[in-house]
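One structure is given below, encoded as structure tokens.
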Amino acid sequence: MICNLHVEKQILLKDGCFQSHLDAQPVYAERQAEDYFANDLAMLNAFALQNEYVVAVKSFETENARVFGVLTMPIYLKSERDELVKTLSISLSQGKRAYVSLDNDVFRKIKDDMTEEQKEELLSLVQKRAKR
């Protein structure tokens, strides 16, 4: 393999522009999980993905609830499925009620550009299934 980098045409950066960042002292602040996850769905999705069973997460938010469509690795026992939904619902409910659905059709219906009517319709579907 031949790699020609054209060293004579490269512009070298001076180290002086990074010196101010090296001299600055880091500032540490005491933060809680609520500070990170209070209103950011992307962070909540990332938090859900830390679970060993979770493969993919899609979510949306309404005025009083958040809905998470979750795809998982195969879970064979109903008790494990119920425990996963309960654990995720508790950990993802930061200020609002969180509904976790393991149904594939709910996961597929969650889009980035959903209207409020579509969100309410899907929320009602997830609530009905959660009562079963």
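Position 1 is the first residue of the sequence, and the numbers go up from there. All values reported here derive from a predicted model rather than from experimental measurement.
Applying the side-chain contact (heavy atoms from CB on, under 4.5 Å) test to Ser79 and every residue at least two apart in sequence or in another chain returns Leu77. Applying the side chain to side chain donor-acceptor pair (under 3.5 Å) criterion to Ser59, with sequence neighbours excluded, gives Asn45. For Ser89, there are no side chain to side chain donor-acceptor pair (under 3.5 Å) partners at least two apart in sequence or on another chain. Here Asn104 pairs with nothing under the side chain to side chain donor-acceptor pair (under 3.5 Å) rule; sequence neighbours left out. For Gln127, the side chain to side chain donor-acceptor pair (under 3.5 Å) criterion is met by Tyr99, not counting sequence neighbours.
Each of Val85 and Val126 belongs to its own hydrophobic cluster when Ile, Leu, Val, Met, Phe, Trp and Tyr are linked at side-chain heavy-atom distances under 4.5 angstrom. Under the 4.5 Å side-chain heavy-atom criterion for ILVMFWY residues, a single connected hydrophobic cluster contains both Leu41 and Val70.
Residue pairs meeting the salt bridge (Lys or Arg N to Asp or Glu O under 4.0 Å) criterion with at least one partner in residues 71-84, sequence neighbours excluded, are Lys78-Asp82. For residues 117-128, the pairs satisfying salt bridge (Lys or Arg N to Asp or Glu O under 4.0 Å) are Glu116-Lys119, with sequence neighbours left out. Residue pairs satisfying the salt bridge (Lys or Arg N to Asp or Glu O under 4.0 Å) criterion with at least one member in residues 105-114, sequence neighbours excluded, are listed as follows: Asp105-Arg129.
The hydrophobic cluster around Phe107 extends to Leu71, counting ILVMFWY residues whose side-chain heavy atoms fall within less than 4.5 Å of a member. Side-chain heavy-atom separations under 4.5 angstrom define the hydrophobic clusters, and the remaining members of the one that includes Val55 are Met73.
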